[in-house]
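Just so it is clear: chains get the letters A, B, ... in the order the sequence lines come, proteins before strands, and each one is counted from 1. Note that this is a predicted model, so its numbers are computed, not measured.
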Protein chains: 2
Amino acid sequence: MTKADTRQKILDAAEVLFAEHGFGEVSVRQVVHEADVNVASIHYYFGSKDALIEEVLSRRLTPLNEERLRQLSAFEEKASKSGTTITIEDVLYSLVGPAVRLSRGTEAGRHFIRLVGRMFAEPSDSVQAMLKARFEALFRRFNEAFKQALPGVRRKDYFWRLHFVIGAMSLTLCDSQRPALLSEGACNPEDVEEVIAQLVAFCAAGMRAEAPKKRRTR
Amino acid sequence: MTKADTRQKILDAAEVLFAEHGFGEVSVRQVVHEADVNVASIHYYFGSKDALIEEVLSRRLTPLNEERLRQLSAFEEKASKSGTTITIEDVLYSLVGPAVRLSRGTEAGRHFIRLVGRMFAEPSDSVQAMLKARFEALFRRFNEAFKQALPGVRRKDYFWRLHFVIGAMSLTLCDSQRPALLSEGACNPEDVEEVIAQLVAFCAAGMRAEAPKKRRTR
DNA sequence: GTGTAATTGAAACAGTCGTTTGAATTAATA
DNA sequence: TATTAATTCAAACGACTGTTTCAATTACAC
C-alpha cells in the first residue's frame with residue numbers, strides 16, 4: 001500500500017464518520033477501524049485528531065469555493081457583455097448551486113456537505129475560526145455581487161437576509177431527507193436542479209422583500 | 001439543599017454546557033462540577049446522561065411550543081372576527097416570535113435556544129426521533145395555518161419553503177452574533193423585535209414567491 | 001543484494017468516560 | 001427523640017479516549 005492510499009483511506013473514513021456522528025462523538029479508533037489502517041497512522045500522517053479534522057474539511061472546501069467564484073465570474077462577464085447587471089438569481093445560483101450539486105452527487109460529497117452544514121451550527125471557537133478563514137475571500141466577493149444585484153436594499157437589511165440565506169442553505173445541505181419526510185414524498189431531495197431552483201427562488205424573493213416594519217410587542 | 005434545588009442546578013448547568021459545546025463534548029463530570037453537586041446525582045435523579053439530555057430539552061420546549069400555538073390561535077380568532085383569513089406574516093410571527101424572544105431574553109433562554117438550533121443540524125437518530133415527537137403536533141397545526149394563508153402555493157413548493165424557513169430560523173436562533181460580525185455592527189442581534197421583523201419579512205416574501213423554474217444544468 | 005529511510009504494527013501510556021456501589025449524612029415521619 | 005426514608009458522598013468499576021513508543025516490516029536507492 002502506498003503512502004497516498006493510507007492518507008486517502010483515513011480521510012475518506014473520517015469524512016463519513018464525522019458527518020454521520022459529529023467530531024466529538026467519533027474516536028480515532030473508529031476512524032482507523034473503518035479505514036482498515038493502524039491506530040498510529042493518524043498521528044503519523046496528520047499529527048493529531050484536530051489536524052485530521054482540518055484536513056477533512058479543506059480537502060473539499062477549497063475546490064468548492066473556487067467553483068462558486070468561477071460561476072459568479074461567468075455570470076458577471078455574461079451580464080457585462082449584454083450591457084446589463086447580474087441578477088440576484090445569478091448570484092444565489094453561484095452560491096448554492098455548486099454546494100447542492102456536491103451534496104447530491106457522490107456519497108462522499110453528501111457526507112462532506114453534511115459536515116459543513118453541521119459546522120455552521122457549531123459554536124466552538126476553533127471551528128468558527130476555521131470557517132472564517134476558509135470563507136473570508138468568498139464572502140467579500142459575494143458581498144459585492146449581492147450589492148450590485150440589490151441596489152435598493154439597505155445595508156442592514158441585506159446582512160440580515162444574507163444570514164437567512166445561509167441558514168436556509170445550511171439546513172438544506174445538512175439534512176436532505178426532512179423535506180421528503182414532512183411532505184410525505186411530494187418533495188424529491190435527489191432532484192438536484194429542483195432543489196437548487198427552489199432554494200434560489202425562495203431566497204431571491206426574500207432578498208427582494210419590502211423593508212420590514214416592527215410590530216408592537218405582544 | 002432540597003431535592004428540587006439539586007435537580008434544577010443540574011439542569012441549568014447542563015443546558016449551558018450542552019449549548020456551548022454540544023452533547024458529546026460535555027461530560028457528566030463537567031456538568032456536576034459546574035452545578036456543584038456530586039457525580040452520582042445525575043444518575044440518581046435522571047438515570048443516565050441521555051435521559052438528562054431529554055429533560056434539558058423538554059423543560060423549555062413544551063412551554064415554548066404552547067406559546068406558539070396560543071399566538072396562532074389568537075391571530076386566527078382575530079381574523080375570523082373581522083371576516084378575513086390569517087396572513088402569512090401572522091403565521092410566521094407566531095412561529096418565530098416566541099422562539100426569538102426566548103433566545104434573547106434571559107441568559108438561560110439564549111443557551112437553550114442555541115441547543116435547539118444545534119439539534120436541527122444533528123443527524124443522530126435518537127435526537128431526530130426526539131425532535132419529531134416534540135414537534136409533531138405543532139407541525140400539523142401550523143401546516144393548516146400556512147395552507148390557509150397561502151392558497152395559491154403548490155403542495156411541493158410549500159414544503160420546500162417550510163424547510164427553508166426552518167433553516168433561516170434555526171441559524172438565527174443558534175448563532176446570534178454572526179449578523180453583527182458580518183455587517184460590522186450594522187445589525188443588532190439584541191433588538192428582539194427587529195430580528196423578528198426581519199425574519200418574518202424575509203420568509204413571507206420567500207413563501208409567496210413565484211413557482212420556481214429549473215435552469216439548464218451547467 | 002545491501003543499506004537506508006519510510007511506513008506499519010502491537011502494545012502500552014496516562015486520562016477520561018458513563019455508571020455503580022455502599023457507607024455517611026441529611027430530612028421527614030411518627 | 002427514635003425510626004425510616006431520601007439524599008449525598010468518595011471511591012472505584014471496566015471501557016474507552018488521544019497519543020506515544022519502538023520493534024517489525026516494507027519500499028527504494030545504490
Quick one: pull up CG in B/Asp157 and CD in A/Glu194 and give me the separation to the nearest 0.5 Å.
->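 With rounding to 0.5 Å, CG (B/Asp157) is 7.0 Å from CD (A/Glu194).
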Whole-Å distance between [N] [atom2] and [X] [atom1]?
X       : N      : atom1 : atom2 : answer
B/Ile10 : C/dG18 : CD1   : P     : 14 Å
B/His33 : C/dT16 : NE2   : C1'   : 15 Å
A/Asp36 : C/dT7  : CG    : P     : 18 Å
A/Phe46 : D/dT19 : CZ    : P     : 13 Å
A/Tyr44 : D/dC22 : OH    : P     : 17 Å
A/Leu17 : D/dT17 : CG    : C1'   : 16 Å
B/Asp5  : D/dT7  : CG    : C1'   : 13 Å

A/Glu15 (side chain) donor-acceptor with A/Asp12 (main chain) under 3.5 angstrom = no
Look only at the side chain of B/Arg155 and the backbone of A/Ser183, and say whether a donor-acceptor pair between them is shorter than 3.5 Å.
->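 Yes; at least one donor-acceptor contact below 3.5 Å.
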Distance below 4.0 Å between [X] side-chain N/O and [N] OP1 or OP2:
X       : N      : value
A/Tyr45 : C/dA6  : no
B/Ser27 : C/dT16 : no
B/Thr6  : D/dT8  : yes

Find out whether B/Leu92 and B/Phe146 are in side-chain contact, i.e. whether some heavy atom of one side chain is under 4.5 Å from a heavy atom of the other.
->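 Side-chain contact under 4.5 Å: yes.
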Is the shortest heavy-atom distance from the side chain of B/Lys156 to the side chain of A/Gln198 under 4.5 Å?
->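 With C-beta onward as the side chain, the pair touches.
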When all nucleic acid strands are considered with a 4.0 Å heavy-atom cut-off, which category describes A/Val32: base, sugar-phosphate, or nothing?
->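 No contact.
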What is the nucleic acid contact for B/Val26, judged by heavy atoms within less than 4.0 Å: base, sugar-phosphate only, or nothing?
->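 The residue B/Val26 makes sugar-phosphate contact but no base contact.
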Which parts of nucleotides 19-24 of chain C does protein reach within less than 4.0 Å, heavy atoms only, written one letter per nucleotide 5' to 3' as B for base, S for sugar-phosphate only and - for none?
-> BBB---
Run the salt-bridge test on B/Arg70 and B/Glu67 with the 4.0 Å N-O cut-off and return the result as yes or no.
->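 Yes.
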Test: A/Glu34 and A/Lys9 ion pair at under 4.0 Å |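 Here A/Glu34 does not pair with A/Lys9 in a salt bridge, since their nearest N and O are not under 4.0 Å apart.
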